[in-house]
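Right, one structure below, let's go through it.
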Amino acid sequence: MSKKIISITFIISICITSKLVFANANIEFISTVPDETNHGVLFVTDFSNLEGQAKEIDQASNGLLGKTLKYHSENTPNQHYLELYAIAEFDKLVVIEHSDSMLSKVELNNLGGKIAKILNNQLNGNQFIVYSQSINADEAAIEAHLALGYKLRSYQFNKYKSNASNDTGSIIFVGDDIEVSRQVYQNDLAHLAEGVYLTRNLSSEPGKTIYPQSFVDEVKKQFKGVKNIDIDVLTLRDMKKRNMGALMGVGKGSIHDPRLLVIEYSGADKKQQPIALVGKGITFDTGGISLKQNSGMWAMKSDMAGAAAVAGSIYAAAKRKEQINIVGLMALAENMPGPEAIRPGDVLETMKGTTIEILSTDAEGRLVLADAVYYAQQEFNPKMLLNIATLTGSAARALSDEYAVVITRDWELSVEMMSIGKQSGEHVWPLPLHPNHFKQISSDIADIKNSGAGNPGASIGAAVIGTFIDDNLPWVHLDIAGVDWLSESTDTTPIGSSGWGVRFMTELIRREAKQDSN
């Protein structure tokens, strides 16, 4: 069964320029199995009927592999993987059962993530050969998509652990047409993983470390040397000139001034209108004067997950040289109950001129986005605008952590967003935006108020932002409050910050770039 290596081994590992990087395993692609193979991952379609590579290993084990898998299948039918030791020439062999149907790229990602989940902190410097010959998929470059799933699931944020593990090793994918997978991973999917890592890193940092200016500094460091990128930062002085009273108002209680971080990526003709991605970046949210309860407030360090996802998405697009123009705006503020903080009952004037009565200072995300989305339209004339935010508890209560909320003014656009969610593995489900939602935010003393009476909170939040969106502009509102932070792991996401939105927006960017080229 052992064969000599007759091809070049390509080693690819994610190496984020920021100090916030914690993935150690190398990803390698080779065309033949090396002579000395003592650790392996074997995919099979049926524990009870081994074929191909699995059959070869079974024969080398004198039938022990087949007998073990059959016993396992009969006695633990709901567990679809098994860790075996001293089978044939393997010190350790992980066997994973999968569907024999044609798999999508998301299903491939999930299978790759299963490898990382099973091998969690067990590499110990070893090389694991991944045998994927049994897998059939709709996508080319099967091994590349497995590798992406592995990388996404193997993420760890252990910067502040004094005894953090340093589990180095290699995951080696073997295939007949391995050069295709190497190219797809190296030139595309590795950058997508980097974008997710950047988003997770920023969202995992304590509020003491990530505040508006340090967020800017960290993102600038990440983008250093990336081509076709232009970064601009609006300071408090710049906001005052533009009368961004909503964005400035949210940050008034903090010692850290707000910022509006703007990243332009020019991957297409300058005349081509960009798509605008606008993210909520509340680096910590106490609720302000409308103070939140202590229980769970620690998680508000990730209330800037939308802004972080915008940064990660543009980074991934720029690194893979996507042929499209994108502008990303990250509205950054810290919502604190300081002596200068805004109060319930105050009125803020926005860049648009629309005034907002503050009913709750804890409905602050829609305030920073109000000025940011209007600025995006005035300065960049986008052909489409998507805003992403951990906006409302209502979104989480409605859809839990299975779906993000998507709200548009066009049902066909909502359907398209659901398709993008399915293709990316980050699913969305639509909630309505009714004329009555806009009536509910009518204010007695200002143009609008920042919160409506009662439910539905997710739609009300969208209505506030929608007030600042041109009626003729295709607009997508994503409320990711239920999906940005996971208390239970998934195949591609460990517990903690999910980095939600990078894969979704990447799929959207790909579609828009393809349409532009046609």
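These numbers come from a predicted model, not from an experiment.
Formation of a donor-acceptor pair under 3.5 Å by the Q378 side chain with backbone atoms of Y375 is not found in this model. When atom types are taken as modelled, the side chain of S214 and the backbone of Y211 share a donor-acceptor pair closer than 3.5 angstrom. At least one donor-acceptor pair under 3.5 Å links the side chain of S424 to the backbone N or O of I420. With hydrogens and angles ignored, the 3.5 Å screen pairs a side-chain donor or acceptor of D371 with a backbone N or O of M351. For T286 (side chain) and N335 (main-chain N/O), a donor-acceptor pair under 3.5 Å exists by modelled atom type. Although no hydrogens or angles enter the test, the distance criterion places a donor-acceptor pair under 3.5 Å between the side chain of N325 and the main chain of A268. At least one donor-acceptor pair under 3.5 Å links the side chain of T199 to the backbone N or O of A308. The main-chain N or O of T361 is found under 3.5 Å from a side-chain atom of S290 such that the two form a donor-acceptor pair. Counting only distance, with no hydrogens or angles, the side chain of T467 and the backbone of A463 share a donor-acceptor pair below 3.5 Å. Distance alone, capped at 3.5 Å, places no donor-acceptor pair between the N187 side chain and the V184 backbone.
The two residues S254 and M336 make their nearest non-hydrogen contact at CB-CG, 3.9 Å. Among all heavy-atom pairs drawn from A311 and M330, the shortest one is CB-SD, 3.9 Å. Heavy-atom minimum distance, V278 versus A376: CG2-CB, 4.3 Å. When all heavy atoms are compared, the tightest approach of D444 to E357 is N-OE1, 4.3 Å. Of all heavy-atom pairs spanning P212 and H256, the tightest one is CD-CB, 4.0 Å. In this structure, S498 and L486 approach most closely via the heavy-atom pair CB-CG, 4.2 Å.
Counting heavy atoms from C-beta on, the side chains of K151 and V196 never come closer than 4.5 Å. Proximity of P456 to L431: side-chain heavy atoms (C-beta onward) are nowhere separated by under 4.5 Å. Proximity of I135 to L103: side-chain heavy atoms (C-beta onward) are separated by under 4.5 Å at one or more points. Contact check for W475 versus L433: side-chain heavy atoms found under the 4.5 Å cut-off. Between V250 and E334, the closest side-chain pair of non-hydrogen atoms is not below 4.5 Å. Residues W429 and E402 are not in side-chain contact: their nearest non-hydrogen atoms beyond the backbone lie 4.5 Å or more apart. Between V476 and V406, the closest side-chain pair of non-hydrogen atoms falls below 4.5 Å. Between V347 and I445 there is a side-chain heavy-atom pair separated by less than 4.5 Å.
Ring-plane geometry between Y197 and Y155 is classed as perpendicular, the angle between the planes exceeding 60 degrees on a 0 to 90 degree scale with a lower cut at 30. The aromatic rings of Y160 and F157 sit tilted relative to each other, their planes meeting at an angle between 30° and 60°.
The pair K280-D303 meets the salt-bridge criterion, with a side-chain N (NZ, NE, NH1 or NH2) lying under 4.0 Å from an Asp/Glu carboxylate O. Ion pairing of K105 with E507 is present here, as a side-chain N (NZ or NE/NH1/NH2) and a carboxylate O approach within less than 4.0 Å. With respect to the salt-bridge test (charged N to carboxylate O, under 4.0 angstrom), the residues D447 and K352 do not qualify. At a threshold of 4.0 Å, the pair D285-K292 counts as salt-bridged, since one of the basic side-chain nitrogens sits closer than that to a carboxylate oxygen. Using a 4.0 Å cut-off between charged side-chain N and carboxylate O, D188 and K321 make no salt bridge.
Within a 6.0 Å sphere centred on CD of E488, heavy atoms belonging to other residues, nucleotides or ligands number 12 at most. Residue K117 places its NZ atom among more than 12 non-hydrogen atoms of other residues, nucleotides or ligands, all under 6.0 Å distant. Summarising the local packing, CD of Q79 is surrounded by more than 12 heavy atoms from other residues, nucleotides or ligands at distances under 6.0 Å. Residue Q515 qualifies as enclosed at atom CD: its count of foreign heavy atoms under 6.0 Å is above 12.
Of the N and O atoms on the side chains of S394 and R397, at least one donor lies less than 3.5 Å from an acceptor on the other residue. No hydrogens or angles considered: a donor-acceptor pair under 3.5 Å links the side chains of H191 and E194.
Note: L192 CG to T506 OG1 = 5.0 Å, rounded to the nearest 0.5 Å. With rounding to the nearest 0.5 angstrom, the CG atom of L198 is 4.5 Å from the CD atom of Q222. Separating the OG atom in S313 from the CG atom in L386 is a distance of 9.0 Å, to the nearest 0.5 Å. To the nearest 0.5 Å, the span separating CD1 on I509 from CD on Q323 amounts to 14.0 Å. Between N450 atom CG and I441 atom CD1 the span is 9.5 Å, to the nearest 0.5 Å. Atom CD1 in I469 sits 6.0 Å away from atom CG in N387 (nearest 0.5 Å).
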Verdict with supporting geometry, T408 and H477, side-chain contact (heavy atoms from CB on, under 4.5 Å) = CA-CA 6 Å; T408 73; H477 168 77; over 6 Å; no

Given D484 and S302, is the side chain to side chain donor-acceptor pair (under 3.5 Å) satisfied, shown in steps?
-> CA-CA 8 Å; D484 72 301; S302 70; 3.2 Å; yes

Begin from the C-alpha positions of I448 and F468 and carry the test side-chain contact (heavy atoms from CB on, under 4.5 Å) through to its verdict.
-> CA-CA 11 Å; I448 63 171; F468 298 86; 4.0 Å; yes

Checking side-chain contact (heavy atoms from CB on, under 4.5 Å) for the pair T235/R259: CA distance, chi angles, key distance, verdict?
-> CA-CA 5 Å; T235 64; R259 296 286 186 266; 4.3 Å; yes

Step by step, work out the side chain to side chain donor-acceptor pair (under 3.5 Å) result for N109 and T492.
-> CA-CA 7 Å; N109 295 160; T492 54; over 6 Å; no

Dump the intermediate steps for side-chain contact (heavy atoms from CB on, under 4.5 Å) on T350 and M244, then the final yes or no.
-> CA-CA 5 Å; T350 65; M244 294 181 170; over 6 Å; no

Steps toward salt bridge (Lys or Arg N to Asp or Glu O under 4.0 Å) verdict (K252, D346) = CA-CA 13 Å; K252 285 179 67 68; D346 284 353; over 6 Å; no

Report the C-alpha distance between S497 and S204 in whole Å, list the side-chain angles of each, state the deciding distance to 0.1 Å, and finish with yes or no for side chain to side chain donor-acceptor pair (under 3.5 Å).
-> CA-CA 6 Å; S497 173; S204 298; 4.5 Å; no

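Remark: of the listed residues K221, Q213, K220, Q213 is the sole one forming a side chain to side chain donor-acceptor pair (under 3.5 Å) with D217.
Annotation: cation-pi geometry not satisfied between K301 and F284 (NZ/CZ under 6.0 angstrom from ring centroid, within 45° of ring axis).
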